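Right, one structure below, let's go through it.
All of these numbers come straight from a predicted model, not from anything done at the bench. Numbers for residues simply follow the sequence, beginning at 1.
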Amino acid sequence: MKSHNKALVKGFRDGIPIGLGYLAVSFSLGVAARSAGLTAFQGFLASLLNNASAGEYAGFTVIAANATYFEMFFMTLIANARYLLMSCALSQKFSPETPLIHRLLVGYDVTDEIFGITIAQPGTLDPYYTYGAILIAAPCWAIGTALGVIAGNLLPLRAVSALSVALFGMFLAIIIPPSKKNKVIAVCVAISFAASFAATHLPLISRLSSGTRTIILTVVISGIAAALFPVREEEAEHDA
């Protein structure tokens, strides 16, 4: 029990900067929700149940266009498809004895940032660490959306967009430390940046959604890296 409490507190502490970033970024998402005709409570509920910026924006766009439920389902599925890969990666961090209910609760909030801090934890995953991060991140995301619905149109768009810089800083904080320790990771990160930039301009792949491009690049780059530079079992146990 004590170990779970420590993991919960640590996750909550690590989730504070994520929550602050979410509060700022979801504010602009609230503007889209208001344009789609949603009330502050509806925007709050939408963000509380669906913690995904691209997926929510796609959903609000579909609502504004009076499209069908099937179109909404298809759009959000494509926009959020990358989370399938993140969930597969997290499933390997769990102890085999971890109950299904914990796996489902962690899967509820597999966002880019929470995935980043969770996957970086050494050893097997204590789900209470992720719960701690969710306890601060999810409410901030929902509250920010509600505030955006109420007052988003009153602020200049540039001011709202500037607040999203904090999330890019969090991404850098996730990838820089392991890149310094491992040259293979550093090269993979550099290749990922270059490939992602190139994919937005190549004739065929640029037509795909950003989520689909992310999945393709992740599978290809990580597959090649795993084949050329496999992690030995002894090294993995040592890291754990």
Side-chain angles (χ1 to χ4, degrees), residues 7 10-11 13-18 21 51-54 78-98 103 106-107 109-130 132-134 137 164-206 208-240:
K10 187 175 187 297
R13 182 194 63 193
D14 293 348
I16 290 176
I18 295 177
N51 300 304
S53 56
I78 296 299
N80 296 332
R82 68 184 185 280
Y83 297 123
L84 297 174
L85 293 176
M86 297 181 190
S87 297
C88 290
L90 284 179
S91 67
Q92 300 179 48
K93 291 279 290 182
F94 281 111
S95 169
E97 293 78 21
T98 303
R103 298 173 184 269
V106 170
D109 208 10
V110 181
T111 66
D112 300 299
E113 296 76 25
I114 292 181
F115 168 80
I117 63 172
T118 301
I119 202 70
Q121 296 304 303
T124 57
L125 172 61
D126 187 336
Y128 284 84
Y129 173 83
T130 309
I134 293 174
S164 63
V165 175
L167 290 181
F168 291 99
M170 278 185 271
F171 278 123
L172 293 176
I174 291 171
I175 63 176
I176 289 179
S179 298
K180 288 183 177 180
K181 296 179 182 179
N182 192 314
K183 293 182 179 179
V184 174
I185 295 178
V187 172
C188 287
V189 169
I191 292 175
S192 298
F193 278 128
S196 180
F197 176 78
T200 60
H201 295 85
L202 292 176
L204 296 179
I205 196 171
S206 61
L208 301 175
S209 67
S210 59
T212 303
R213 291 199 303 266
T214 300
I215 291 177
I216 294 175
L217 292 176
T218 301
V219 171
V220 172
I221 296 175
S222 62
I224 294 175
L228 297 179
F229 307 99
V231 178
R232 297 179 181 178
E233 186 174 350
E234 310 87 64
E235 294 178 359
E237 293 178 354
H238 175 71
D239 292 338

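Residues Ile117 and Ala133 come closest through the heavy atom pair CD1-CB, 4.0 Å. Closest approach of Tyr83 to Thr111, counting heavy atoms only: CE2-CA, 3.9 Å. Scanning both residues, Asp112 and Met86, for their nearest heavy atoms gives OD1-CE, 2.8 Å. Nearest heavy atom pair, residue Asp126 against residue Ala7, reads OD2-CB, 3.5 Å. Residues Ser95 and Thr124 share a closest heavy-atom pair of N-CB, 4.4 Å. Between Ser222 and Val219 the shortest heavy-atom distance is OG-O, 3.4 Å.
Take Asp109 and apply the side chain to side chain donor-acceptor pair (under 3.5 Å) test, not counting sequence neighbours, and it matches Asn51. In this structure Lys93 satisfies the side chain to side chain donor-acceptor pair (under 3.5 Å) test with no other residue, sequence neighbours excluded.
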Table please: side-chain donor-acceptor pairs of residues 181-197 below 3.5 Å, with sequence neighbours left out.
from   : atom 1 : to     : atom 2 : distance (Å)
Asn182 : OD1    : Val184 : N      : 2.8
Asn182 : OD1    : Ile185 : N      : 3.4
Ser192 : OG     : Cys188 : O      : 2.7

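Annotation: the span from Gln92 atom CD to Ile119 atom CD1 amounts to 8.0 Å, rounded to 0.5 Å. Separation of atoms OG1 (Thr118) and CD (Glu113) is listed at 11.0 Å; rounding is to 0.5 Å.
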